Amino acid sequence: MGSLMFTSVSERVAADTLHPALSDALSALPPRLRNRATEEELTALLRDAAQSAPGLEPALGSHLGFVLNSLDVSGLRRWILTGMRLYANHPGQLAAYFRLEDAAAAQAMVAEAKGISFERARHSLQYFTTGFGQADLSLVARRQRSLNALPLRTVISQGTLLLPDHYLAWDGATRGNIYRAAVAHVLAHLQYSPRHQPAGKKKPLLIAVLSLIEDARVERLAIQRFPGLWSLWSCFHTAHGESNELTFFSLAARLSRALHDPNYQDQNHWVNKGRELFEAEAALGLDDPARFSEVGKILGSDLGQMRVRFVQDLYAVQPAYRDDNSFLWEFEQDAPPDTPPEESLSRSSVQIEATDQKAETAMLVSPIEQPPGQRFIYPEWDYRENQLRHAWATVHDRLARDATEIVSNGRHRSLVRGVSLDTHSRTLDRAVRLRRQHEGESLDLNAAVEGRISWRARITPDPRIFQRPGKRRRHAAILLLVDLSESTNDRVKGFTSILDVEKQAADLLSQSIDTNYDCLAIDGFHSDGREKVHYLRLKEFDEPYGESQRRVLMRQQGSLSTRMGAAFRHAGFRLHQQRAEKRILLLVTDGEPSDVDVIDRDYLVEDARHAVHYLGMKGVTVFGLTLDKAAGSYIKKIFGARNYTIVDNALSLPVQLTRTLAQIAAR
């Protein structure tokens, strides 16, 4: 019966587009796993794994039966996650891990087989907390909601300790009893830390550093009372500075180790400075958190001067046994409606804000100056959580002006938005008739008849019985959106860059537009994280295209990354301000969407797809032209089957762009 039931499940799985290599592996399941609930759980896991690591299904399925001889489905999930986190940006090494050709794969499999889940540790942990005098502390598991989400950390709540339902070998679970280490760290906070201090306007980077210093202080106090805790925690402090990485993740982990292990040596000045400042205060005593807070402020300010980036979505407290520090801070829960997302903090996470005037909170993270202009807040689609993150991406919109447009008194000429500079838009079109007017060149017969009827019925007639020609309406509003990311500086056939070809295409399109009937705007964009999506208006809709506009276009340079979804939403906002029968958004790009704060390749692709779908419902036709010959894996997903073109020969882009616009307009 079990075999027959499994066959039906396998057929259903195959029908549900599971990769053949994984479907074949399911047929070799061990007998102990052949029940409907386990099969369905395993099928869902494999489908998630295939989405998180596309193209690696054959490698994952090659030894799946062997792995499942040692692990249950939960253990397999942890084993897959360990590989994904070890080799997040190295698909070749991840494939070797799945094929059991990597030593780390065997090590992780042994660790998961021995069992390091919360359920197995719960009973002993309850005795552990009782031994420290916390018998009333309730222990509850936190479950990972999606396969490749950020690693969970412990959360301290009212009388409850929320622990991850599992720790991975990648987290250090093979090096010691990580659950006991986590509980001991929490007990140190409960004993020695001030609770829920007002975060105020402290910047997230500063809060992360202050929390790190407080973690080290309470652990030092706990070790003075229970010396055995030093060895319990030591095995998880493995960060080192051999490669001298300057990321916040690396520097924070190395400072944590330096403050815990007196024998650790690091070559980084910031790490050594943190140790010296901390030890100087520790020599005076560990009981005053305020003195150690000053140490954190100094170190946070130094990181700002070093231009060290802090990215919320990629940061998890290190080492893994430490909690998320939400216990230490009280954040404002109800921010004003116009508060930008980088100034709004949540209890369980922190974000970066660009600048502040006070020395203790100045976190100058980005080397790019914020240009003058307007700021717009847009949502972003998170396909992993199946929800729209409101007020998530910030678009900085500015008008790119040429130096020739500066008048003699040093001020820029004002550009009146919404007023056409094209005289044709002011001419009257007799094909457009405005009816029911107070005055005009001819009678509106319907209105005149209704007025006569009202007069005969002794009802005051409507005096608007005339008609006159109306202003000509634009046929199409076209917005050409140009990718200005760093990758557009790559050379095409050795003598010109991709960006140069994009500029030539925009130049040709601007000259080919019939300005008597259609209007064209040219915008560019690049991004430096979700808080800094830079949007440049190179040519306005009602601006004539002349030499000045051409100079503005030609002087643009490629830099930073490509966050398409936010740019699409802002371009749609600009198009909806135009009165036109058709609204068309054309994107010219050289590759898939990407950004510095996103490691999941599908995340920004799905967000761009969501933005295109939303604009389509609002009546905007979105079309993409890409120079990436390998774009088939994502371009159709974003734009749909009919609304994209992969340009094989980059030099033909100008001709392809004008031809594409003609085809879209003819639909």
Side-chain angles (χ1 to χ4, degrees), residues 81-90 93 103-104 107-108 111 116 150-154 164 167-182 184-185 188 205-220 222-223 229-279 282 292 295-296 299-300 302-303 306 308-325 350 599:
L81 263 176
T82 294
M84 287 182 172
R85 290 178 184 165
L86 280 172
Y87 306 118
N89 299 312
H90 304 282
Q93 292 176 278
Q107 182 186 16
I116 46 177
L150 198 67
L152 295 178
R153 293 294 181 258
T154 305
Y167 285 103
L168 308 181
W170 181 83
D171 294 324
T174 57
R175 297 192 289 269
N177 195 327
I178 192 167
Y179 277 104
R180 287 197 177 188
H185 178 78
L205 179 58
L206 177 60
I207 289 175
V209 176
L210 290 173
S211 301
L212 186 156
I213 297 298
E214 178 63 11
D215 284 341
R217 186 186 73 87
V218 298
E219 286 187 0
R220 188 78 63 92
I223 290 170
L229 292 178
W230 187 88
S231 59
L232 176 63
W233 288 323
S234 289
C235 58
F236 303 105
H237 287 274
T238 59
H240 55 80
E242 294 177 2
S243 58
N244 198 26
E245 295 180 55
L246 297 180
T247 63
F248 182 84
F249 184 91
S250 174
L251 290 173
R254 287 150 59 187
L255 177 59
S256 295
R257 182 177 181 181
L259 298 182
H260 181 83
D261 183 0
N263 298 319
Y264 172 68
Q265 299 297 323
D266 197 285
Q267 59 182 322
N268 184 267
H269 170 73
W270 183 83
V271 173
N272 292 322
K273 180 179 179 179
R275 169 187 267 168
E276 293 171 2
L277 293 173
F278 184 92
E279 296 300 341
F292 290 88
V295 173
L299 295 176
D302 287 349
L303 286 179
M306 293 161 60
V308 174
R309 291 185 57 81
F310 182 85
V311 183
Q312 167 203 348
D313 291 338
L314 304 182
Y315 177 66
V317 177
Q318 293 294 320
Y321 70 81
R322 288 182 171 174
D323 66 288
D324 69 347
N325 294 314
V350 285
I599 57 174

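Quick caveat: nothing in here was measured; it's all calculated off a predicted structure.
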Enquirer: What's the shortest heavy-atom distance between Val317 and Asn325, and which atoms?
Expert: CG2-ND2, 3.7 Å
Enquirer: Are the side chains of Asp323 and Asp215 in touch, meaning some heavy atoms are under 4.5 Å apart?
Expert: yes
Enquirer: How long is the span from the CZ atom in Arg220 to the CZ atom in Arg217, to the nearest 0.5 Å?
Expert: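 Arg220 CZ to Arg217 CZ: 11.5 Å, rounded to 0.5 Å.
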Enquirer: Would you call Glu214-Arg322 a salt bridge at under 4.0 Å N-O?
Expert: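 No, this pair does not count.
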Enquirer: First locate atom CZ of Arg254, then atom CG of Asp266, and finally report the distance between them rounded to the nearest 0.5 Å.
Expert: 4.0 Å
Enquirer: Check whether any side-chain N or O of Gln318 sits under 3.5 Å from a backbone N or O of Phe249 as a donor-acceptor pair, and report yes or no.
Expert: no
Enquirer: I'd like to know if the side chain of Tyr179 reaches the main chain of Pro164, judged simply by a donor and an acceptor atom lying under 3.5 Å from each other, with no hydrogens or angles considered.
Expert: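 Pair found, side chain donor or acceptor close to backbone of Pro164.
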Enquirer: What pair of heavy atoms forms the shortest contact from Val271 to Ala258, and how long is it?
Expert: CG1-CB, 3.9 Å
Enquirer: Of all the heavy-atom pairs spanning Leu206 and Gly300, show the shortest one and how long it is.
Expert: CD1-CA, 4.5 Å
Enquirer: Would you please classify the geometry between the Trp230 ring and the His260 ring as parallel, tilted or perpendicular, with 30° and 60° separating the classes?
Expert: parallel
Enquirer: Do you know which two heavy atoms are closest between Gly241 and Gln267, and how far apart they sit?
Expert: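 What the structure gives for the nearest pair is O-NE2, 2.6 Å.
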Enquirer: Give the C-alpha distance, both sets of side-chain angles, the deciding distance and a yes or no for side chain to side chain contact (heavy atoms under 4.5 Å, CB included) between Thr154 and His185.
Expert: CA-CA 10 Å; Thr154 305; His185 178 78; over 6 Å; no
Enquirer: Please give me the minimum heavy-atom distance between Tyr321 and Ala181, naming the atom from each residue.
Expert: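 Nearest heavy atoms, Tyr321 then Ala181: CD1-O, 3.7 Å.
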Enquirer: Are Ile223 and Trp233 close enough that some pair of their side-chain heavy atoms sits under 4.5 Å apart?
Expert: yes
Enquirer: Supply the atom-to-atom distance Phe310 CZ to Thr247 OG1, rounded to the nearest 0.5 angstrom.
Expert: 11.5 Å
Enquirer: Are any of the side-chain heavy atoms of Tyr264 and His237 separated by less than 4.5 Å?
Expert: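 Side chain of Tyr264 against side chain of His237, heavy atoms only: no contact under 4.5 Å found.
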Enquirer: Going by heavy atoms in the side chains, are Leu246 and Asn268 under 4.5 Å from each other?
Expert: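 Side-chain contact under 4.5 Å: yes.
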Enquirer: Is the Tyr315 ring parallel, tilted or perpendicular to the Phe248 ring (thresholds 30°, 60°)?
Expert: perpendicular
Enquirer: Quick one, Leu212 and Leu299 - any side-chain contact, counting heavy atoms below 4.5 Å?
Expert: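 Side chain of Leu212 against side chain of Leu299, heavy atoms only: no contact under 4.5 Å found.
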Enquirer: With a 4.5 Å heavy-atom cut-off, do Asp324 and Leu152 have their side chains touching?
Expert: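 Not in contact.
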Enquirer: If I take atom CG from residue Leu255 and atom CG from residue Leu303, how far apart are they, to the nearest 0.5 angstrom?
Expert: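 Answer for the CG-CG pair, Leu255 versus Leu303, is 9.0 Å.
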Enquirer: If you take all heavy atoms of Arg153 and Ala320, which pair is closest and at what distance?
Expert: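 Looking at all heavy atoms of both residues, the shortest contact is CD-O, 3.4 Å.
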Enquirer: What distance separates Leu277 CG from Phe292 CZ, expressed to the nearest 0.5 Å?
Expert: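 Output value for this atom pair is 11.0 Å.
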Enquirer: To the nearest 0.5 Å, what is the distance between CD1 on Ile178 and CZ on Phe236?
Expert: 5.0 Å
